[in-house]
Amino acid sequence: MMSVMSDQQSNPLLADARLPPFDAIDAGHVIEAVTRALADARAALGQVLAVEGEPTWESLVLPLERMGERLDHIWSSVRHLHAVMDSAPLREAYEACVPLVTRFHTELSQNIELYEAYEAFVRGGDYAVRDAAGKRVVDNALRDFRLGGVGLEGKARDRYAAIATRLSDLTTHFSNNVLDATQSWTLTLADEGRLDGLPASARSLAAHNAEQAGETGYRITLDLPCYLPVLTFADDADLRAECYRAYATRASDQGPDAGRFDNGPVLEEILSLRQDKARLLGFESYAHYSLERKMARTPREVLGFLRDLAARTRPVAHAEYQALCAFAHARHGKQQVEAWDLGYFAEKLKQQRFEISQEDLRPYFPVERVIGGMFDIAERLFGVRIHPRNDVAVWHPDVTFYVITDPEGDRLGELYLDPFARAHKRGGAWMDVCRTRMRLDDSLQTPVAYLTCNFTPPVGGASSLITHDEVTTLFHEFGHGLHHLLTRVELPSVAGIAGVEWDAVELPSQLMENWCYEEEAVALISSHHETGEPLPAPLLSRLRASRNFQSGLQMLRQVEFAMFDFLLHLEYAPGCDVLALLERVRDEVAVVRPPAFNRFANTFSHIFAGGYAAGYYSYKWAEVLSCDAYSRFQEAGVLDTDAGTAFRREVLERGGTRDALESFIAFRGREPDVAALLVSSGIEPRAETSPA
Ligand code: ZN
């Protein structure tokens with residue numbers, strides 16, 4: 001069928017489709033679409049500000065909610081493609097647009113006229129009659145105006161705008177350095193000689209990598225599905241050391257690529273600009289600024305929380321480390337355990353103690369079975385239905401699309417799942433927003449999510465078998481997805497994960513991980529790829545027993561990262577010695593010290609290129625919430641529909657319309673308790689239940 005198309009229609013990003021037309025979008029569309037979307041947003045803003053008289057909900061708040069969502073329609077597709085299908089033209093177009101989008105958001109957050117319109121709205125009669133969600137939208141907007149520097153004038157104002165633009169460039173640069181440094185190093189081995197100890201799956205991945213690169217033999221890369229098995233299983237200590245050195249020095253002044261993608265100067269400039277920004281806004285530090293959007297109230301409360309966790313964990317972690325060293329010495333004659341030996345001996349000790357390894361579990365977890373079982377669990381717990389759809393355009397053949405409905409068949413939301421690692425795809429796992437639930441004049445826009453993982457890809461036509469760790473990662477991201485997709489809120493800025501305090505936003509994701517260890521749930525997600533048998537009971541009980549293996553050391557590692565991040569943003573001063581600060585944190589917290597060449601901060605994307613600056617502690621903070629919330633399921637039965645329904649009602653559906661603490665109490669009936677995390681990690685014993 002032929003039709004005459006305008007420019008707008010010929011650019012698929014501008015087609016205003018319900019779902020992004022991924023089969024039609026290419027890098028050449030990006031700049032035009034983003035420029036047009038920004039112009040439309042500015043026009044919409046102009047209309048809002050042109051309205052005379054007292055601003056109302058319909059003249060001010062709703063149009064702005066829609067404007068933000070409309071812009072994100074286009075921008076989220078571009079951002080997503082840049083993350084999962086990176087190419088030189090796309091990266092160039094994306095990088096050209098990032099400053100434009102940032103500038104728009106900065107202008108918006110500094111628009112005094114708009115700020116005054118919100119203030120006038122609060123003074124007027126309309127605010128008082130809004131429901132909690134509506135009030136929250138306006139309260140958050142006013143808070144964000146203040147944090148966005150609306151009160152700044154003259155030079156301070158220009159300075160603020162310059163900082164925002166520069167910071168946005170720097171964080172993109174930081175990410176690109178990490179990606180490039182990760183991809184630039186490879187090690188090709190001509191034969192299997194040095195691969196002793198490595199499981200078959202890791203060998204075939206390395207062989208596959210070599211083949212893809214047009215080489216023969218085995219190619220080791222720094223992508224986690226390839227790198228981790230080497231550090232965990234390779235008997236050749238020199239091989240482990242070589243890979244560790246390359247990995248731990250990525251994007252730094254050390255190691256095989258020293259100075260090539262160095263993030264050292266990048267992260268220092270980021271820290272310095274963040275501090276300038278916080279000071280411009282009248283905060284003592286960037287840490288203080290960061291807490292404005294968090295559940296924790298003061299730096300003292302955060303540091304107190306972390307120090308308490310460290311102190312209660314240290315004795316356990318110390319004993320775990322002693323046990324590891326004694327084992328390496330007794331069984332392997334090792335006098336000194338190096339950084340690249342830790343994972344290797346830990347795996348051996350774990351196997352000896354629990355007779356279990358991630359590799360033993362892999363055959364029971366074909367990825368299709370895990371996904372199907374996970375959906376089954378969500379259906380039982382939350383009363384939803386999930387079905388695949390094959391007629392939706394996706395960006396890569398690995399991607400599947402699913403629809404979530406209520407039992408009556410009404411659509412609640414939709415989901416793209418992109419499970420496997422591949423070239424030009426950012427590492428790690430995450431959930432991102434494609435569409436947010438929103439009431440339109442004559443219809444309801446339902447939410448859409450992207451779930452991205454980097455699991456071991458299927459090799460040679462066989463089904464992909466994933467490790468139990470990967471299963472847990474999938475459940476985690478799906479938890480974020482459910483939070484976004486099951487929301488009942490129809491205002492995008494407080495729907496789903498939007499507007500939720502940062503340190504509470506991991507509650508649903510961390511909660512979901514718990515089902516990966518429950519007998520009833522594992523029966524649904526496991527099925528041996530040859531026999532179809534679910535994970536046998538003895539293996540599951542060993543898996544459960546091994547869950548808290550070295551949990552003290554792991555806890556301290558996370559506390560070390562969290563305290564480093566927080567103090568860095570609390571105490572930063574020009575010329576601050578980042579490595580010295582890290583050493584000081586380790587003096588206080590760590591039981592194990594990495595080698596001096598380790599430059600983990602240079603790839604700490606969570607805090608330098610993600611949203612976790614002065615907020616990495618959020619993982620542990622939210623884990624207290626998730627462990628304590630999960631105890632209700634343990635008491636009621638892990639597939640208990642009432643508990644599931646209550647969680648859906650009180651947490652998942654509420655989004656950011658009320659304080660996270662309020663949602664938690666509504667679900668659990670009381671405030672959260674730190675002990676829940678320590679007990680669940682096996683660091684502290686379960687308290688005796690007192691007689692009723
Ligand atoms: Zn998460």
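Throughout, residue positions are numbered sequentially from 1 according to the sequence presented.
Residues S626 and E513 form no side-chain contact, since every pair of their non-hydrogen atoms from C-beta on lies 4.5 Å or further apart. For the pair S109/D144, no side-chain contact is recorded, criterion being any heavy-atom separation below 4.5 Å from C-beta on. Residues D86 and R426 form no side-chain contact, since every pair of their non-hydrogen atoms from C-beta on lies 4.5 Å or further apart. Within the 4.5 Å cutoff, the side chain of R91 has heavy atoms near those of the L179 side chain. Between L108 and L114, the closest side-chain pair of non-hydrogen atoms falls below 4.5 Å. Taking 4.5 Å as the limit, some side-chain heavy atom of V433 sits within range of a side-chain heavy atom of H484.
Counting all heavy atoms, side chain and backbone alike, R146 lies closest to Y115 at NE-OH, 3.6 Å. Residues Y617 and L291 approach most closely at OH-CD2, 3.6 Å, considering heavy atoms. Contact record, P508 with V505: CD-O, 3.5 Å, taken as the closest heavy-atom pair. In terms of heavy atoms, N454 sits closest to G428 at ND2-O, 2.7 Å. The minimum heavy-atom distance between A339 and P595, with the atom names listed, is CB-CD, 3.5 Å. When all heavy atoms are compared, the tightest approach of V178 to S605 is CG2-OG, 3.8 Å.
Under 3.5 Å, the side chains of S184 and D257 contain a donor-acceptor pair of N or O atoms. At a cut-off of 3.5 Å, with distance as the only test, no side-chain donor of T221 or Q183 sits close to an acceptor on the other residue. The closest side-chain donor-acceptor pair between S681 and S551, if any, does not fall under 3.5 angstrom. No side-chain donor-acceptor contact under 3.5 Å links D418 and Y450. In summary, the side chains of N598 and Q254 do not present any donor paired with an acceptor at a separation below 3.5 Å, with no hydrogens or angles considered. One side chain, S285 or H288, offers a donor N or O that lies under 3.5 Å from an acceptor on the other. In summary, the side chains of D565 and H569 do present a donor paired with an acceptor at a separation below 3.5 Å, with no hydrogens or angles considered.
Ring centroids of F604 and F561 are separated by less than 6.0 Å, placing the two rings close together. Taking the six-membered ring where the residue is Trp, the centroids of Y616 and Y619 are separated by under 6.0 Å. Aromatic pair Y630/W515: ring centres closer than 6.0 Å. Aromatic rings from Y227 and W185 are positioned such that their centres are separated by 6.0 Å or more. Ring-centre distance between H480 and H476: below the 6.0 Å cut-off. H468 has its ring centre less than 6.0 Å from the ring centre of Y517. Aromatic rings from F478 and F475 are positioned such that their centres are separated by 6.0 Å or more.
Taking the charged nitrogens against the carboxylate oxygens, E684 and R312 do have a contact shorter than 4.0 Å, which makes a salt bridge. Between R159 and D276 there is a salt bridge, since at least one side-chain N of the basic residue sits less than 4.0 Å from a carboxylate O of the acidic one. Salt bridge annotation for R279-E284: absent, with no cationic side-chain nitrogen under 4.0 angstrom from a carboxylate oxygen. Using a 4.0 Å cut-off between charged side-chain N and carboxylate O, E107 and R103 make no salt bridge. In summary, K294 and E501 do not engage in a salt bridge, as defined by a charged side-chain N under 4.0 Å from a carboxylate O. Ion pair R586/E560 flagged as a salt bridge, since at least one NZ, NE, NH1 or NH2 atom sits closer than 4.0 Å to an Asp/Glu carboxylate oxygen. Of the charged side-chain nitrogens involved, none lies within less than 4.0 Å of a carboxylate oxygen, so that E338 and R240 do not count as a salt-bridged pair. R136 and D659 are joined by a salt bridge, as a carboxylate oxygen and a charged side-chain nitrogen come within less than 4.0 angstrom of each other. A salt bridge is defined here as a Lys NZ or Arg NE, NH1 or NH2 lying under 4.0 Å from an Asp or Glu carboxylate O, and K350 with E347 fails to meet this definition. Using a cutoff of 4.0 Å between basic side-chain nitrogens and carboxylate oxygens, E588 and R314 are not scored as salt-bridged. Salt-bridge check for D180 with R260: failed, with every basic side-chain N at 4.0 Å or more from each acidic carboxylate O. Under the 4.0 Å criterion applied to side-chain N and carboxylate O atoms, R274 and E269 are not assigned as salt-bridge partners.
Expressed to the nearest 0.5 Å, how far CD1 of I163 lies from CG of L280 amounts to 5.0 Å. In this structure, L567 CG and C576 SG are separated by 10.0 Å, a value rounded to the nearest 0.5 Å. Between the SG atom in C434 and the CZ atom in R79 there is a gap of 10.0 Å [rounded to 0.5 Å].
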Verdict with reasoning, E153 to R157, per side-chain contact (heavy atoms from CB on, under 4.5 Å)
CA-CA 5 Å; E153 282 169 13; R157 187 181 173 81; 5.5 Å; no
Would you please test E583 and R593 for salt bridge (Lys or Arg N to Asp or Glu O under 4.0 Å) and show each step?
CA-CA 9 Å; E583 285 306 304; R593 313 286 287 228; 2.5 Å; yes
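Stacking of R245 on the aromatic ring of F597 is recorded, both the 6.0 Å distance cut-off and the 45° axial limit being met.
Classification of the F283-Y289 ring pair by plane angle, with boundaries at 30° and 60°, yields perpendicular.
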